[in-house]
A.B. asks: 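Next up is a structure, given as structure tokens.
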Amino acid sequence: MTRAHLPGILAMAAIVVASNILVQFLFGQWLTWGAFTYPLAFLVTDVMNRVYGAGPARRVVLVGFLVGLVCSLIGTQIIGEFGPLVTVRIALGSGLAFLTAQLLDVAIFSALRDGRWWRAPLASTLIGSTIDTALFFTIAFAASLTFIEPGNDVSWAGDILPVLGVGPAAPLWVSLAVADWAVKLSLALIALVPFRLITARLAPAH
């Protein structure tokens, strides 16, 4: 890891910290503000991969994972009105989802890096975001995984409601996951613009 990688490390750390804070504030009925900052982690990973290669990109991901782990551990020790700010299930889901999705992003980007400039960042982010959403919401809220943290009552997430208020009936957490996934997909498309501009200004190493 060289000094040139420092901006990527700082950006990833800032995104993880900001997302851990903003996830506590609602945006509308189905989202939190964290849904708009967290997907930027994929942009950082893809820029690092394009400019410096898969190795440095993976190291930036690991830094982001460690920062997120520290934030989660701190959150589990802070008691709010309804208990710890971060529960064990949310910490576990967040950590596993982040690490799995980001490392998958690096692998897919690397496999597609020699194609058209937009193909690698778009495909890797879309697939990584989908895996991230599925892992996090399932681990954090699915009734079948209550054994992970029996003392944490997330029965509210299992309330049966129409998906996003208009679709078929499903547990509430499914609506939260679908809304989160939709934001990630939208930002994956928007992020192609800054990806192109940033990588065009930097001399690609690969």
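These numbers come from a predicted model, not from an experiment. Positions are given from 1, in the same order as the sequence printed here.
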A.B. asks: Do Val61 and Ile198 sit in the same hydrophobic cluster, where Ile, Leu, Val, Met, Phe, Trp and Tyr count as joined when their side-chain heavy atoms come under 4.5 Å apart?
C.D. replies: yes
A.B. asks: Mind checking the CZ-CG spacing from Phe42 to Leu126? Nearest 0.5 Å is all I need.
C.D. replies: 10.0 Å
A.B. asks: Hydrophobic cluster membership, with links at side-chain heavy-atom distances under 4.5 Å among I/L/V/M/F/W/Y: are Leu62 and Tyr52 in one?
C.D. replies: yes
A.B. asks: How long is the span from the CZ atom in Phe98 to the CZ atom in Phe65, to the nearest 0.5 Å?
C.D. replies: 9.0 Å
A.B. asks: If a pair satisfies side-chain hydrogen bond (donor to acceptor under 3.5 Å, both in side chains) and one of its residues is in residues 91-104, list it, with sequence neighbours excluded.
C.D. replies: Thr45-Gln102
A.B. asks: So, for Ala123 and Leu112, which heavy atoms are closest and what is the spacing to 0.1 Å?
C.D. replies: CB-CD1, 3.6 Å
A.B. asks: Side-chain heavy atoms nearer than 4.5 Å, only ILVMFWY residues, links allowed to pass through others: does that put Trp173 and Phe147 together?
C.D. replies: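 Trp173 does not cluster with Phe147.
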A.B. asks: Side-chain atoms of residues 187-195: list all donor-acceptor pairs with protein atoms under 3.5 Å, sequence neighbours left out, distances to 0.1 Å.
C.D. replies:
none

A.B. asks: Applying side chain to side chain contact (heavy atoms under 4.5 Å, CB included), run through Leu31 and Phe36 and close with a yes or a no.
C.D. replies: CA-CA 9 Å; Leu31 292 168; Phe36 299 95; 3.9 Å; yes
A.B. asks: Listed by chain and number, what are the side chain to side chain contact (heavy atoms under 4.5 Å, CB included) partners of Leu69, not counting sequence neighbours?
C.D. replies: Leu73
A.B. asks: Tell me the closest heavy-atom pair linking Pro56 and Gly53, and the distance in Å.
C.D. replies: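 Minimum heavy-atom separation between Pro56 and Gly53: CD-O, 3.5 Å.
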A.B. asks: Which pairs with one or both residues in residues 102-123 pass ring-ring contact (aromatic ring centres under 6.0 Å, His included), sequence neighbours excluded?
C.D. replies: none
A.B. asks: Specify the closest pair of heavy atoms between Asp180 and Thr133, including all atoms of both residues, with the distance to one decimal.
C.D. replies: OD2-OG1, 3.1 Å
A.B. asks: Apply side chain to side chain donor-acceptor pair (under 3.5 Å) to Asp159 and list each qualifying residue two or more places apart in sequence or on a separate chain.
C.D. replies: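 Result, side chain to side chain donor-acceptor pair (under 3.5 Å) vs Asp159: none returned.
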A.B. asks: Can you sort out the partners of Val70 under side chain to side chain contact (heavy atoms under 4.5 Å, CB included), two or more places apart, ordered by chain and number?
C.D. replies: Ile74
A.B. asks: Does any non-hydrogen side-chain atom of Phe27 lie less than 4.5 Å from one of Leu22?
C.D. replies: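 A side-chain contact is absent here, since even the closest heavy-atom pair is not under 4.5 Å.
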A.B. asks: Are Asp105 and Ile127 packed together at the side-chain level, in the sense that at least one heavy-atom pair is separated by less than 4.5 angstrom?
C.D. replies: no
A.B. asks: Partners of Trp30 by side chain to side chain donor-acceptor pair (under 3.5 Å), sequence neighbours excluded?
C.D. replies: none
A.B. asks: For Ser155, check side chain to side chain donor-acceptor pair (under 3.5 Å) against everything at least two apart and list the hits.
C.D. replies: Asp153
A.B. asks: Scan residues 14-23 for pairs that pass side-chain hydrogen bond (donor to acceptor under 3.5 Å, both in side chains), counting only residues two or more places apart or in two chains.
C.D. replies: Ser19-Thr37
A.B. asks: If you compare all heavy atoms of Val44 against all heavy atoms of Ala11, which two are closest, and at what distance to 0.1 Å?
C.D. replies: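 Shortest heavy-atom contact: CG2-CB, 4.0 Å.
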A.B. asks: So Glu149 and Thr87, side chain to side chain contact (heavy atoms under 4.5 Å, CB included) or not? Walk me through it.
C.D. replies: CA-CA 8 Å; Glu149 191 180 12; Thr87 66; 3.5 Å; yes
A.B. asks: Are the side chains of Ser175 and Leu161 in touch, meaning some heavy atoms are under 4.5 Å apart?
C.D. replies: no
A.B. asks: Shortest non-hydrogen contact from Ala142 to Arg89?
C.D. replies: O-NH2, 2.8 Å
A.B. asks: Evaluate the side-chain proximity of Val17 to Val67: yes if any heavy-atom separation is below 4.5 Å, no if none is.
C.D. replies: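 In contact.
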A.B. asks: Ignoring hydrogens and geometry beyond distance, is a side-chain donor-acceptor pair present between Ser129 and Trp181 at under 3.5 Å?
C.D. replies: no
A.B. asks: Assigning hydrophobic clusters by single linkage (Ile, Leu, Val, Met, Phe, Trp, Tyr; side-chain heavy-atom cutoff under 4.5 Å), is Leu103 placed with Ile108?
C.D. replies: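 Leu103 does not cluster with Ile108.
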A.B. asks: Who passes side chain to side chain donor-acceptor pair (under 3.5 Å) against Thr146, sequence neighbours left out?
C.D. replies: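 If we apply the side chain to side chain donor-acceptor pair (under 3.5 Å) test to Thr146, skipping adjacent residues, there are no hits.
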A.B. asks: Calculate, to the nearest 0.5 Å, the distance between atoms CG and CZ belonging to Asp114 and Arg119 respectively.
C.D. replies: 10.5 Å
A.B. asks: Decide yes or no for Val47 and Leu43: does some side-chain heavy atom of the first lie under 4.5 Å from some side-chain heavy atom of the second?
C.D. replies: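 Yes. Closest side-chain heavy atoms under 4.5 Å.
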A.B. asks: So, taking the atom named OG in Ser110 and the one named CZ in Arg50, what distance separates them when rounded to the nearest 0.5 Å?
C.D. replies: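 The distance works out to 9.5 Å.
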A.B. asks: Write out all pairs satisfying ring-ring contact (aromatic ring centres under 6.0 Å, His included) with one or both partners inside residues 151-171, taking only residues at least two apart or from two chains.
C.D. replies: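 Every ring-ring contact (aromatic ring centres under 6.0 Å, His included) pair that includes a residue of residues 151-171, provided the two are not neighbours, is Phe141-Trp156.
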A.B. asks: For Ala35 and Val183, work out which heavy atoms get closest and say how close.
C.D. replies: O-CG1, 3.4 Å
A.B. asks: Among residues two or more places apart or on two chains, list those pairs meeting salt bridge (charged side-chain N to carboxylate O under 4.0 Å, His left out) that have a residue in residues 123-147.
C.D. replies: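 As it turns out, the salt bridge (charged side-chain N to carboxylate O under 4.0 Å, His left out) pairs with a partner in residues 123-147, which skip direct neighbours, are Asp132-Lys184.
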A.B. asks: CG/Leu145 to CD1/Ile139 distance, rounded to the nearest 0.5 angstrom?
C.D. replies: 7.5 Å
A.B. asks: Following the transitive rule for hydrophobic clusters with a side-chain heavy-atom cut-off under 4.5 Å over Ile, Leu, Val, Met, Phe, Trp and Tyr, establish whether Leu66 and Leu96 coincide in one cluster.
C.D. replies: no
A.B. asks: How many angstroms lie between atom CG of Leu99 and atom CG of Leu135, to the nearest 0.5 angstrom?
C.D. replies: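 Output value for this atom pair is 10.5 Å.
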